[in-house]
2 protein chains.
Amino acid sequence: MATGRTHRPATRSRGIPEATVARLPLYLRALTALSERSVPTVSSEELAAAAGVNSAKLRKDFSYLGSYGTRGVGYDVEYLVYQISRELGLTQDWPVVIVGIGNLGAALAGYGGFASRGFRVAALIDADPAMTGKPVAGIPVQHSDDLEKIIAEDGVSIGVIATPAGVAQAVCDRLVAAGVTSILNFAPTVLSVPDGVDVRKVDLSIELQILAFHEQRKAGEEPGEDAAPQAAAPAAPPAARTTAQGGRKGPDGDVPAVMPA
Amino acid sequence: MATGRTHRPATRSRGIPEATVARLPLYLRALTALSERSVPTVSSEELAAAAGVNSAKLRKDFSYLGSYGTRGVGYDVEYLVYQISRELGLTQDWPVVIVGIGNLGAALAGYGGFASRGFRVAALIDADPAMTGKPVAGIPVQHSDDLEKIIAEDGVSIGVIATPAGVAQAVCDRLVAAGVTSILNFAPTVLSVPDGVDVRKVDLSIELQILAFHEQRKAGEEPGEDAAPQAAAPAAPPAARTTAQGGRKGPDGDVPAVMPA
DNA sequence: CCATCTTTGTGCACGCGTTCACAAAGACAT
DNA sequence: ATGTCTTTGTGAACGCGTGCACAAAGATGG
């Protein structure tokens with residue numbers, strides 16, 4: 001997953017563990033599917049399987065919510081859907097602004113997942129004057145000069161940043177100054193925000209790198225191939241490093257020591 | 001973050017904790033930036049600030065790598081960049097296929113983050129015959145009938161799924177059967193894969209819902225405004241629910257009538 | 001009304017991850 | 001050389017999250 005967090009680490013929100021909160025949307029999705037099939041109740045076992053988690057974990061998660069199931073029967077689907085929706089704050093409307101309408105921003109604007117659950121794309125904002133007024137996914141793009149005004153008028157508290165990394169922090173600062181208190185960041189940068197503002201990041205590149213790590217490990221474990229000989233100091237003394245990382249590399253494809261950003 | 005994991009839970013890969021692996025790309029990015037500015041060394045304090053983490057955590061992370069810094073001085077930037085790149089497997093070339101070239105798939109194809117670090121878009125695959133041959137981000141889209149052939153020929157081990165949720169599992173199964181062992185899933189579904197296959201998921205909707213949860217909590221904490229008196233209880237007592245969800249909530253944020261024990 | 005069977009809710013233990021705090025290592029100046 | 005100063009590397013404590021295993025709750029059938 002592309003999970004990045006920058007949460008108040010120790011603040012267990014109202015007794016509900018952060019890990020549980022992160023799973024609630026998963027349960028909700030599974031429950032919604034069941035609801036559409038008019039299934040009246042589910043056992044923790046079934047629902048857990050559908051959500052891809054352990055049933056004991058699921059029961060414990062629900063216990064934090066106070067949602068009660070019925071022993072010997074399971075959970076009432078409709079009731080749980082409502083309870084979780086309410087807990088997540090999805091019973092109200094959340095206007096969202098997307099800043100940076102490039103390829104990604106446009107894709108996000110058209111993403112069905114937004115509209116589906118309480119989230120409404122209130123505005124699309126881009127710094128390029130050529131984009132202004134142009135409709136994307138049916139919504140006209142507005143110029144970033146009006147950012148503050150847009151946020152204020154629509155009472156937007158959630159912002160999505162899909163700009164190039166270089167301007168992400170500046171955009172973030174403006175959003176926060178204008179009143180946004182939750183940010184979903186797609187730009188490959190670490191954003192710094194004042195206390196009270198939540199930032200979650202989605203980073204393509206990081207996810208791929210994590211996969212690559214495991215992939216490499218799998219390859220190295222193969223019986224035929226010798227495990228990475230790395231451990232044996234790669235040469236190059238630390239202190240007086242003059243670099244000249246010149247040319248060493250694994251047995252397979254190599255890459256320059258210094259990689260692009 | 002949009003992090004979803006489906007990792008071998010207990011398998012601490014070669015002694016490097018999963019949490020550390022997830023941070024390495026972050027360090028790498030910060031280090032690369034320093035490298036471009038020709039900064040020769042950094043202290044754990046500085047680098048930690050740049051990566052947005054605690055310096056003690058950073059030092060411990062590096063200690064797992066065996067990368068040595070120099071006491072009193074710090075870490076050699078170039079050396080670390082190389083070490084981390086190698087550890088993450090970025091010193092080799094990773095061909096990647098993207099399946100599902102809709103808005104999102106197209107955006108991903110054009111995303112710079114892919115090409116920048118050892119990842120190469122080997123192929124774009126879509127089930128729509130109308131897309132076949134059409135170039136997206138400079139790469140011609142291929143039909144999904146040829147999926148197996150493409151994977152085999154290019155030796156692809158990483159696949160990105162950007163299809164609608166409905167077909168994600170089917171696509172996933174085909175990818176895995178064809179030899180892919182790492183999957184980055186953008187479709188809002190839980191994928192089930194055999195052991196040995198890593199899946200990471202990026203889920204827009206889930207990230208937003210998590211933000212909404214915290215946002216709601218912040219709003220509820222406000223002294224002035226009363227918490228949203230949203231939807232009147234959805235009714236629907238489960239089995240024999242008698243809990244009148246009626247009027248709950250304290251003076252501050254509201255809380256479901258039924259709370260955890 | 002009682003017995004049986006199913007499924008929840010949770011006490012408990014364990015392991016991972018985070019953080020503190022400090023000794024050791026080295027740079028640098030004298 | 002010796003002393004001082006900076007910064008690393010890590011032992012140890014703590015807290016969160018996970019999963020087991022079981023008692024309690026309730027449904028169901030006789």
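Numbers restart at 1 for each chain; the letters A, B, ... are given by sequence-line order, proteins then strands. Since this is a predicted model, take the numbers as computed values, not measurements.
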request  = Inspect the contact between B:Asp198 and A:Arg217 and indicate whether a charged nitrogen and a carboxylate oxygen are less than 4.0 angstrom apart.
outcome  = no
query = To the nearest angstrom, how far is B:Asp61 atom CG from C:dC16 atom P?
reply = 16 Å
query = For D:dG11, does OP1 or OP2 lie under 4.0 Å from any side-chain N or O of B:Arg59?
reply = no
note = Between CG of B:Leu24 and P of C:dG17 the distance, given in whole Å, is 13 Å
remark   = One should read off an interatomic distance between B:Leu104 CG and B:Leu204 CG, to the nearest 0.5 angstrom, of 8.0 Å
inquiry  = Without decimals, in angstroms, what is the distance between B:Ile16 CD1 and C:dG17 P?
reply    = 12 Å
ask   = Does a nitrogen or oxygen in the side chain of B:Lys60 sit under 4.0 Å from OP1 or OP2 of D:dT10?
value = no
key: Atom-to-atom span, CD of A:Glu46 to C1' of C:dT6 - whole angstrom   = 12 Å
query = Pick one: which of B:Tyr27, B:Tyr68, B:Tyr79 meets ring pair (Phe, Tyr, Trp, His ring centres under 6.0 Å) with B:Phe62?
reply = B:Tyr27
task = Between A:Gly72 and A:Lys57, name the one whose nearest nucleotide on DNA chain D is closer to the 5' end.
result = A:Lys57
key: Closest-nucleotide ordering on DNA chain D, the 5'-leading residue of B:Ser63 and A:Ala19   = B:Ser63
request  = Report yes if at least one side-chain N or O of B:Ser44 is closer than 4.0 Å to OP1 or OP2 of D:dT7; otherwise report no.
outcome  = no
query = Whole Å only: how far is the OH atom of B:Tyr68 from the C1' atom of C:dA25?
reply = 12 Å
message = D:dT7, OP1 or OP2 - any side-chain N/O from B:Ser43 closer than 4.0 Å?
response = no
remark   = Interatomic distance, CG@B:Leu28 vs CD@A:Gln209, rounded to 0.5 Å, equals 5.5 Å
task = Look at B:Tyr75 and D:dG9 and indicate whether a side-chain polar atom (N or O) is within less than 4.0 Å of OP1 or OP2.
result = yes
inquiry  = I need the OH-C1' distance between A:Tyr64 and D:dG17, as an integer number of Å.
reply    = 8 Å
Report, one line per pair, each donor and acceptor closer than 3.5 Å where one atom sits in a side chain of residues 184-193 of chain B; sequence neighbours left out.
from, atom 1, to, atom 2, distance (Å)
B:Asn185, OD1, B:Ala187, N, 2.9
B:Asn185, ND2, B:Ala187, O, 3.1
B:Asn185, ND2, B:Thr189, O, 3.2

query = For A:Leu58 and C:dT8, what is the distance between atoms CG and P respectively, to the nearest whole Å?
reply = 9 Å
task = Check whether any side-chain N or O of A:Arg71 sits under 4.0 Å from OP1 or OP2 of D:dT28, and answer yes or no.
result = no
request  = Could you tell me the separation between the CG atom of A:Leu80 and the P atom of C:dT8, rounded to a whole number of Å?
outcome  = 11 Å
query = When you check the phosphate oxygens OP1 and OP2 of D:dG17, does a side-chain N or O of A:Asn54 lie under 4.0 Å from one of them?
reply = no
query = With a 4.0 Å cut-off on heavy atoms, is B:Phe62 in touch with a base, just the backbone sugar-phosphate, or nothing at all?
reply = nothing
